[in-house]
Asks: 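Before we start, here is the structure in question, set down as structure tokens.
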There are 4 protein chains.
Amino acid sequence: MSERTQIRVDLSASEPAYRQIAGQIRALLVEGHLTPGSALPSVRRLAMDLGVHFNTVAEAYRQLAEEGLIDVSHGKAARILPPKSVEPAADTLEQLRRRLRNMVAEMRASGMSAASVRREIHSLLEGEEQ
Amino acid sequence: MSERTQIRVDLSASEPAYRQIAGQIRALLVEGHLTPGSALPSVRRLAMDLGVHFNTVAEAYRQLAEEGLIDVSHGKAARILPPKSVEPAADTLEQLRRRLRNMVAEMRASGMSAASVRREIHSLLEGEEQ
Amino acid sequence: MSERTQIRVDLSASEPAYRQIAGQIRALLVEGHLTPGSALPSVRRLAMDLGVHFNTVAEAYRQLAEEGLIDVSHGKAARILPPKSVEPAADTLEQLRRRLRNMVAEMRASGMSAASVRREIHSLLEGEEQ
Amino acid sequence: MSERTQIRVDLSASEPAYRQIAGQIRALLVEGHLTPGSALPSVRRLAMDLGVHFNTVAEAYRQLAEEGLIDVSHGKAARILPPKSVEPAADTLEQLRRRLRNMVAEMRASGMSAASVRREIHSLLEGEEQ
DNA sequence: GTGGTCTAGACCACG
DNA sequence: GTGGTCTAGACCACA
């Protein structure tokens with residue numbers, strides 16, 4: 001992982017450390033900054049770099065593995081799996097839709113105009129067309 | 001609240017009841033199904049309708065009040081406040097951006113194409129241009 | 001009550017309206033801005049001036065009457081009683097001490113120096129020697 | 001916490017248990033009986049010692065954390081933070097002033113002379129000069 | 001092991 | 001009538 005893909009953990013944030021780590025790795029994955037087949041840093045290495053307990057990093061890797069994004073096998077470095085090529089199952093999709101609706105509602109409720117919301121989303125999806 | 005604005009609580013879901021309630025009211029608010037100045041049902045009334053404890057509804061109302069969406073004062077019915085007309089503060093915006101990035105990453109990671117994500121979001125914002 | 005003795009009620013504050021009113025009248029009393037024997041405004045009059053329900057003012061008067069500070073008799077205007085000339089009972093004193101200790105601890109904990117606390121208190125007691 | 005720093009909870013008092021606990025810890029803090037950096041007892045430990053539910057102690061700790069007096073993080077013992085070295089913000093100060101004015105008014109109204117009030121306060125601040 | 005969340009129930013305060 | 005507080009108990013999340 002180059003310096004463009006730096007991960008930062010804020011221990012004083014309300015979001016737990018392991019989820020911050022998983023979230024940032026997931027984002028790097030889907031944004032193409034991590035190539036399939038390449039290895040992630042070891043749990044202990046990354047933990048030291050981030051200044052957290054290695055169990056915390058292990059928990060993050062476990063979550064990503066459960067989602068089918070990386071492959072962790074005992075004794076080997078965790079490896080990035082190829083991106084999924086099939087749309088999610090109906091119930092998964094339904095749940096994502098509900099969460100997205102809530103997310104957008106929060107953005108609108110906080111004062112953002114529909115146009116602002118659109119702008120934010122476009123800047124996130126920009127350049128990705130897979 | 002008319003029948004178009006029905007709220008449903010799924011107690012078996014992992015999302016806590018009070019957040020489901022707050023989320024649905026928030027969505028109704030930003031989608032314009034609840035008019036500013038009008039009163040929400042009393043916590044006890046809504047609680048009975050939804051089959052939950054009144055504290056659960058009270059917690060939902062409290063959260064919406066903290067967000068500045070409704071006004072709750074002792075002894076009086078909760079009332080819907082007018083929508084915010086200013087874009088959120090920089091730090092609020094930053095936090096929303098981070099959460100949105102995570103949300104989109106999860107959608108992409110679950111297998112949705114960028115086009116599918118776009119489609120979902122457009123259908124949510126459709127018709128809202130304010 | 002002259003304009004120097006104006007009472008203000010902040011309905012959005014966390015302190016209930018009736019206690020704000022009672023508290024301000026009590027302060028005016030002990031600070032000598034209201035003379036014993038003189039009449040307080042009628043419940044309805046003061047309620048209108050403050051923009052609150054008259055029950056709220058009535059509750060404030062009731063509390064002051066319970067403390068022995070004013071005299072409310074059915075059908076007559078509330079009147080200010082002469083100040084007490086005896087020190088409080090031991091248990092009352094004990095309770096006041098405990099509350100004062102907490103108050104001072106909060107001031108110190110919020111960052112005020114002992115000198116600042118002293119200064120605040122002296123400015124409150126200044127000129128009163130009865 | 002040594003035997004000089006014993007905390008006592010009176011469940012029959014009108015002041016809620018969690019506030020009694022927070023108040024006593026706050027007083028111990030500002031009076032220097034607890035050293036910055038040291039750990040407070042775990043919520044469950046202290047709860048057992050005091051004979052209250054652990055949530056009651058947790059609520060007390062949460063309040064102290066909000067005031068910036070202690071640091072509580074998930075999975076780690078609560079720790080005492082160094083005392084604040086700056087005077088409080090203007091609005092905080094204003095609120096403290098209002099509460100102090102009410103406190104003093106209550107003492108005076110209960111029959112204490114200005115001299116008695118002074119005496120009580122001086123005995124509380126005695127020896128603290130920082 | 002630690003602290004935290006969520007829901008509930010009894011009771012209170014307020015307007 | 002309204003909303004609110006406090007405490008408790010079961011269960012969960014975190015480091």
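Below, chains carry the letters A, B, ... as their sequence lines are ordered, and counting in each starts from 1.
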Asks: Round to the nearest Å and state the distance from A/Leu50 atom CG to F/dA15 atom C1'.
Replies: 14 Å

Asks: Whom does E/dG4 pair with, Watson-Crick or G-U wobble, provided both distances fall under 3.5 Å?
Replies: F/dC11

Asks: I want to check one thing: is the phosphate of E/dC6, taken as OP1 and OP2, less than 4.0 Å away from some side-chain N or O of B/Arg19?
Replies: yes

Asks: Whole angstroms only, please: what is the OH-C1' distance between D/Tyr61 and E/dG3?
Replies: 11 Å

Asks: Taking only the side-chain heavy atoms of C/Thr56 (C-beta and beyond), determine which of F/dA15, E/dG15, E/dG3 contains the nearest atom.
Replies: E/dG15

Asks: Pick the nucleotide of DNA chain F nearest each of B/Ala77 and A/His53; which residue has the one closer to the 5' end?
Replies: B/Ala77

Asks: With distance as the sole criterion, do the side chain of D/His74 and the base of E/dG3 form a donor-acceptor contact below 3.5 Å?
Replies: yes

Asks: Can you find a side chain N or O atom of C/Tyr18 that sits less than 4.0 Å from OP1 or OP2 on E/dC14?
Replies: yes

Asks: Look only at the side chain of C/Gln24 and the backbone of C/Arg8, and say whether a donor-acceptor pair between them is shorter than 3.5 Å.
Replies: yes

Asks: Between D/Glu59 and D/Arg19 (salt bridge meaning N to carboxylate O under 4.0 Å), is one present in this structure?
Replies: no

Asks: Grab the CD-P distance between C/Glu15 and E/dA13 for me, whole Å please.
Replies: 15 Å

Asks: Could you pull out the closest heavy-atom pair between B/Val9 and B/Ala17, with the gap in Å?
Replies: CG1-CB, 3.9 Å

Asks: Mapping B/Ala17 and D/Phe54 onto DNA chain E by nearest heavy atom, which one lands closer to the 5' end?
Replies: D/Phe54

Asks: Which sits closer to the 5' end of DNA chain F, B/Arg44 or D/Pro16, going by the nucleotide each is nearest to?
Replies: B/Arg44

Asks: What's the CZ-P distance between B/Arg62 and F/dT2, to the nearest Å?
Replies: 17 Å

Asks: Determine whether any donor atom in the side chain of D/Asn55 lies under 3.5 Å from an acceptor atom in the base of F/dG9, or the reverse, and answer yes or no.
Replies: yes

